[in-house]
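Residue numbers count from 1 along this sequence.
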Amino acid sequence: MNRNKEIARIFEKMADILEFLGDNPYRIATYRRVANVLSELNVDVEELLKSGKIYHIPGIGQSSVEKIIEYLRTGKISKYEELKNKVPEDLLELMEVPNIGPKTLKLAYEKLGVRSKDDFIRAVRSGMLATLPGFGEKKLQNIMRGIELWEKSKERMTLIEAFEIGQEYLNYLKELKGITEKVELAGSLRRRKETVGDIDILVSAPRQNWSKIHEHFVSFHGVKEVLLKGETKSSVILENARQVDLRTVEPHQWGSALQYFTGSKEHNIRIRDIAKSKGLKISEYGVFKADTDQWIGGSSEEEVYELIGMQMPPPEIRENTGEIELALEGRLPRLVSFQDIKGDFHIHTNWSDGIGSLEEMVNMAYQMGYEYVVIGDHSQSARVANGLDVERYKKQWKEIDRLQKEYSSKGFYILKGCEVDILPDGSLDLPDSVLAEFDFVVASIHTRFSQDNTYRILKAMENPYVNLIGHPTGKSYGSRQGYILDMEKVIEVAKETGTALELNTFRADLSPEYVRMCMAKGVFIAIVTDAHAPAHLQYMHLGVGLARRGWAVPELVLNTRDVKGVREFVLRKRKLLAAV
């Protein structure tokens with residue numbers, strides 16, 4: 001699938017260059033759509049060409065197919081090579097920065113002689129950009145804030161990016177059948193942190209196989225530079241500038257090594273202190289008696305923790321934030337797991353800004369073993385997302401009814417939902433008479449991120465038809481830190497009104513801190529993928545990990561309810577607020 005992503009990257013870059021040059025908006029939109037489709041394909045693009053199926057994929061026309069064929073034959077796309085000569089590619093990276101658009105870059109290019117990203121950053125910081133018309137103090141502050149967020153985001157990966165790289169590397173290492181015994185992701189990725197620095201992989205195997213494993217590791221197709229190749233550790237830099245580290249241990253050391261390399265540092269320090277108080281030593285090589293250095297265990301993680309007299313805390317909560325004390329008392333709560341999840345409450349189709357059809361999205365949800373899925377396309381004010389007005393929603397409902405007849409016999413339910421915009425005054429983008437006809441309503445803020453949005457969310461939650469507040473804090477890693485919000489008040493009113501708060505996997509919003517606060521206050525959360533393509537639904541696994549970081553228990557995760565329980569949740573709020 002790596003070629004799919006590389007070709008998608010080229011189409012995205014071509015769109016960036018054309019936008020900078022002020023080219024035809026239709027062509028720009030076409031290239032971006034092709035990039036989106038290619039990046040989400042779960043089949044190698046060459047296989048689709050051989051079968052002829054590529055000609056039937058919506059969004060990929062004949063001209064784009066020809067460019068794809070050219071890349072597969074030559075490794076290049078001549079149109080891209082031609083466009084690259086028209087503008088410094090380095091400068092175009094800045095189009096990823098919040099608050100910097102192609103018009104700003106072009107103006108700086110033409111009026112200030114800016115030719116690189118460093119030139120532009122210097123122009124902002126020196127005040128040169130302020131000499132151009134239309135660049136007031138507030139706009140410059142927003143640009144500076146955007147650059148700072150962007151630069152910070154380059155230092156770490158989002159959980160989804162890290163997981164995709166890590167999973168591809170894991171599958172590659174698992175090709176060594178009979179050579180490796182166990183292969184696992186470790187570090188902050190295993191703990192499901194919202195952002196990840198380097199990707200850590202641990203392998204157990206007999207020592208005589210280690211050299212073959214490390215040779216295979218550094219031969220991965222995406223490796224740009226080998227930093228280190230050894231018998232126990234190797235490190236590489238990939239073409240996307242991300243670092244991956246490999247450690248090998250013997251099979252009997254697996255548990256202690258996995259515990260050690262999972263972390264966190266703060267958790268491990270406490271664990272070693274506890275071991276020391278019991279006359280033991282713990283390292284990545286095992287658990288030992290302190291006085292004799294005799295190895296007494298460590299083949300499994302459970303054994304490591306048992307030997308020092310405690311439960312094994314799940315990886316996601318190993319942060320020394322109370323888990324150790326509870327584990328010593330044998331009182332760790334059972335956290336929500338993927339096996340508890342019965343549905344997804346927030347997905348998009350190509351009726352709005354998704355690239356998967358209604359049928360494709362529903363089928364993927366069914367294939368994942370769910371009992372239900374909520375179709376939640378954008379409402380009308382989200383024009384850039386092709387939001388639906390009332391008439392289009394009603395047409396979509398007819399399609400859902402048609403599909404439901406097919407899936408009813410399978411015990412699968414398609415719930416009619418929407419992601420309705422919360423407008424600047426706190427009112428909603430659809431009238432109550434229409435909202436009342438939906439099975440489930442998500443309400444979200446998509447505008448005015450610079451203001452305190454507490455009032456808007458509180459007012460939305462007081463609507464009897466709003467069941468879930470989408471991406472509540474407005475956070476988007478690398479783009480936005482989130483808007484000003486009194487989260488304690490939001491959680492309080494969520495409890496009072498019977499409204500759930502969304503944990504949006506793509507945005508890592510809610511944070512573990514707020515999830516834990518919801519658990520303490522008895523407020524429901526709903527884990528969602530915000531999927532815009534069938535493959536995105538698989539990220540529910542990561543969403544569950546994020547919820548577990550916040551100590552989420554099944555009883556307060558809406559997804560653990562069956563469809564009858566979801567309908568009861570919706571009805572209870574309507575009755576509650578009607579009574580008020």
Self-check item: Any residue meeting ring pair (Phe, Tyr, Trp, His ring centres under 6.0 Å) with His346, in chain and number order, not counting sequence neighbours
Solution: His348
Practice problem: Check the side chains of His532 and Asp353 for a donor-acceptor pair under 3.5 angstrom, ignoring hydrogens and angles. | Solution: yes
Quiz item: Pick one: which of Thr560, Ile525, Val553 meets side-chain contact (heavy atoms from CB on, under 4.5 Å) with Val336?
Solution: Thr560
Quiz item: With a 4.5 Å heavy-atom cut-off, do Leu556 and Cys518 have their side chains touching?
Solution: no
Quiz item: For Phe440, which residues count as a ring pair (Phe, Tyr, Trp, His ring centres under 6.0 Å) partner, sequence neighbours excluded?
Solution: Phe345
Exercise. Keeping to residues at least two apart or across chains, list the salt bridge (charged side-chain N to carboxylate O under 4.0 Å, His left out) pairs with something in residues 357-377.
Key: Glu359-Arg402
Quiz item: Between the main-chain N or O of Ala508 and the side-chain N or O of Lys475, is there a donor-acceptor pair closer than 3.5 Å?
Solution: yes
Quiz item: Quick one: salt bridge (charged side-chain N to carboxylate O under 4.0 Å, His left out) pairs with a partner in residues 552-564, sequence neighbours left out?
Solution: none
Quiz item: Do Leu430 and Gln380 touch side chain to side chain, with heavy atoms closer than 4.5 Å?
Solution: yes
Self-check item: Sub-6.0 Å ring centroid separation between Phe506 and His536
Solution: yes
Quiz item: Under the salt bridge (charged side-chain N to carboxylate O under 4.0 Å, His left out) rule, what pairs show up with a residue in residues 510-527, not counting sequence neighbours?
Solution: none
Self-check item: Residues forming a salt bridge (Lys or Arg N to Asp or Glu O under 4.0 Å) with Glu319, sequence neighbours excluded
Solution: Arg191, Arg549
Quiz item: With Arg448, which residues qualify under salt bridge (Lys or Arg N to Asp or Glu O under 4.0 Å), at least two apart?
Solution: none
Quiz item: Between the main-chain N or O of Ile317 and the side-chain N or O of Arg548, is there a donor-acceptor pair closer than 3.5 Å?
Solution: no
Practice problem: Identify which one of Lys416, Arg574, Arg567 satisfies the salt bridge (charged side-chain N to carboxylate O under 4.0 Å, His left out) criterion when paired with Asp439. | Solution: Arg567
Quiz item: Got a sec, which residues hit ring pair (Phe, Tyr, Trp, His ring centres under 6.0 Å) with Tyr455, two or more places apart in sequence or on another chain?
Solution: none
Quiz item: Under a 4.5 Å cut-off applied to non-hydrogen side-chain atoms, are Arg33 and Phe11 in contact?
Solution: no
Quiz item: Under the salt bridge (Lys or Arg N to Asp or Glu O under 4.0 Å) test, which residues partner Asp429, sequence neighbours left out?
Solution: none
Quiz item: Got a sec, which pairs hit ring pair (Phe, Tyr, Trp, His ring centres under 6.0 Å) with one end in residues 560-579, sequence neighbours left out?
Solution: Phe524-Phe569
Practice problem: Quick one: list whatever passes salt bridge (Lys or Arg N to Asp or Glu O under 4.0 Å) with Glu325, sequence neighbours left out. | Solution: Arg270
Self-check item: Polar side-chain atom of Gln311 near backbone of Arg331 as donor-acceptor pair, under 3.5 Å
Solution: yes
Quiz item: Can you name the residues that form a ring pair (Phe, Tyr, Trp, His ring centres under 6.0 Å) with Tyr393, not counting sequence neighbours?
Solution: Phe438
Quiz item: Regarding His471 and Asp509, is there a side-chain donor-to-acceptor distance under 3.5 Å anywhere?
Solution: no
Exercise. With the side chain counted from C-beta on, respond yes when Met461 and Ile457 share a heavy-atom pair under 4.5 Å apart, and no when they do not.
Key: yes
